[in-house]
Amino acid sequence: MSKIVILTNNDIGLYKFRYELIDALLEAQHEVVISLPDGPYISVFREKGCRFVHTPVDRRGTNLFRDLKLIKDYWSLIRSEQPDVVLTYTVKPNVYGGLVCGGLHYPYIANITGLGSGVENSGLLQKIVLWLYKKGLARASTVFFQNEENKDFFIRHGLIHGEARRICGSGVNLERYCLEDYPDEAEGCRFLFVGRIMREKGLDELLECARRLHQRNLPVSFSLLGECEEEYSQRLSEAQKEGWIQYYGYQDDVHSIMREHHAVILPSYHEGMANVLLEAAASGRPVLASRIPGCREAFEEGVSGFGFEARSADDLYLAIEKFLSLSYAQKQEMGLAGRKKMECEFSREKIVCDYMEAIDRICSTNRRREVNNAAV
């Protein structure tokens, strides 16, 4: 039995995207320790048999002292647990967890879920973030990337020296996101956005298009799910009062809402792999998404969805019009094509297999090293 330590920044993401991996680790008789801030799903992981170590992570903050405290916490944790393998997710666990694991000579596997604005936008911040990544990933056994462009970017900038592999995002649980009957259009076409309500998710462009379509009195509605950043709260409130969007806030059960809509829209500026598009397609819903790495892999143009240029309200508007021009049967067929694509390419079982293979390889190397040391 090997000990696996998982470093990440929140329990919601761990529950939604790593649950099946943790299941596989426990079934393989590994001891699993999760290090992250407290949250509502911690009890679920404890009941499954994981051990929880409360570790505060300031997800978006730039406070140097808090980050130094996080490094100290990781240092104490890794020295105390002496894990066989460490898995890191999200930026700060990848960087600071990687620094600690490298410094203490423990093998670790990092997952790059996207570049983020700190890397996408050139300038001093980008240089700092790239330098941190270079240090944090220097001794990683494997770095998983969720799209080919992100992998190429890291290699081109000399940020990784070990194995770099592309996996299909976090995959999608095809049972949890089962194929749903396509809803009727008696009350018009219903579009759904799921994600953080923020500029980089394309909210300005989405709201502009929703406003235009409302002004034309078309039988179209827009629903938005997700945590709202402060700058959008007033705009959403006003738009909802005027009747051209419906904002539901954060919801645990996205699938039950998704099945009542005809298509999912994601006008994001950058993604690692857009899980919401995978979940929508698995549910039999066409997707309209930015033609960017992390979105365009999730659909076939004109077959299971339509793409448009990021940051362009006009191009998004054309994509919406294109979808609205389809017959009900064509929209339904587009949803079925998306489901088939998810079954062929994005099953979460494949992602779990990739991880288990990388973990087993490290554990086997550890065992051989122990045998050799004992023989000496």
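Here the structure is a predicted model, which means the values were calculated and not measured.
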Is there a donor-acceptor pair under 3.5 Å between the side chain of N94 and the backbone N or O of N111?
yes
Looking at E229 and K201, does any basic side-chain N land under 4.0 Å from a carboxylate oxygen?
no
May I have the step-by-step check of salt bridge (charged side-chain N to carboxylate O under 4.0 Å, His left out) for R176 and E20, ending in yes or no?
CA-CA 11 Å; R176 186 183 303 169; E20 295 81 1; 3.6 Å; yes
In this structure, is the centre-to-centre distance between the rings of F222 and F191 below 6.0 Å?
yes
Would you please test S283 and L179 for side chain to side chain contact (heavy atoms under 4.5 Å, CB included) and show each step?
CA-CA 4 Å; S283 305; L179 179 63; over 6 Å; no
R285 side chain to A263 main-chain N or O, any donor-acceptor pair under 3.5 Å?
no
S170-R18 side chain donor-acceptor pair, cut-off 3.5 Å
yes
Could you please spell out the steps behind the side chain to side chain contact (heavy atoms under 4.5 Å, CB included) verdict for M334 and L326?
CA-CA 10 Å; M334 187 172 270; L326 298 177; 4.0 Å; yes
I'd like to know if D58 and R66 make a salt bridge, using a cut-off of under 4.0 Å between side-chain N and carboxylate O.
yes
Nearest-0.5 Å distance that lies between atom CD1 in I78 and atom OH in Y108
11.5 Å
E81 and R51 ion-paired at < 4.0 Å:
yes
Suppose we call two aromatic rings close when their centres sit under 6.0 Å apart. Are F52 and F45 close by that rule?
no
Would you call R212 and D314 a salt bridge, using N to O less than 4.0 angstrom?
yes
In terms of side-chain geometry, is the basic nitrogen of D73 or K69 positioned less than 4.0 Å from the acidic oxygen of its partner?
yes
What is the ring orientation for Y89 with Y355, classed by angle as parallel under 30°, tilted 30 to 60°, or perpendicular over 60°?
tilted
Ignoring hydrogens and angles, state whether a donor on the side chain of E271 or N147 is under 3.5 Å from an acceptor on the partner side chain.
no
Determine whether a donor-acceptor pair (N or O, by modelled atom type, separation under 3.5 Å) exists between the side chain of Y269 and the backbone of I292.
no
D84 side chain to C363 backbone, donor-acceptor under 3.5 Å:
no
N-O pairing of E148 and K151 below 4.0 Å:
yes
Pair D252, Y250 - check side chain to side chain donor-acceptor pair (under 3.5 Å), show working.
CA-CA 7 Å; D252 281 320; Y250 176 81; 3.3 Å; yes
Test side chain to side chain donor-acceptor pair (under 3.5 Å) applied to E163 and T142, step by step
CA-CA 5 Å; E163 180 186 41; T142 300; 2.7 Å; yes
H261 side chain to I257 backbone, donor-acceptor under 3.5 Å:
yes
Other residues, nucleotides, ligands: >12 heavy atoms within 6.0 Å of E301 CD
yes
Using a 6.0 Å cut-off, check whether atom NZ of K331 has over 12 heavy atoms from anything other than its own residue.
yes
Does Y19 have K48 sitting over its ring (NZ/CZ under 6.0 Å from centre, angle to axis within 45°)?
yes
Quick one: do E242 and R211 make a salt bridge, cutoff under 4.0 Å?
no
S268 side chain to H270 backbone, donor-acceptor under 3.5 Å
yes
Determine, for E297 against R166, whether the closest basic-nitrogen to carboxylate-oxygen distance falls under 4.0 angstrom.
no
R296 NZ/CZ over F306 ring centroid, <6.0 Å and within 45° of normal
no
Between H30 and L26 (side chain of the first, backbone of the second, donor and acceptor by atom type, cut-off under 3.5 Å), is there such a pair?
no
Using a 6.0 Å distance limit plus a 45 degree cone around the ring axis, check whether R291 lies over the aromatic ring of F308.
no
Y182 side chain to A329 backbone, donor-acceptor under 3.5 Å
no
SB check D204 R311 (cutoff 4.0 Å)
no
State whether the number of non-hydrogen atoms from other residues, nucleotides or ligands found under 6.0 Å of K350 atom NZ is greater than 12.
yes
Kindly say whether D38 contributes a backbone atom to a donor-acceptor pair with the side chain of H54 at under 3.5 angstrom?
yes
For S347 and E343, indicate whether the former's side chain and the latter's backbone hold a donor-acceptor pair under 3.5 Å.
no
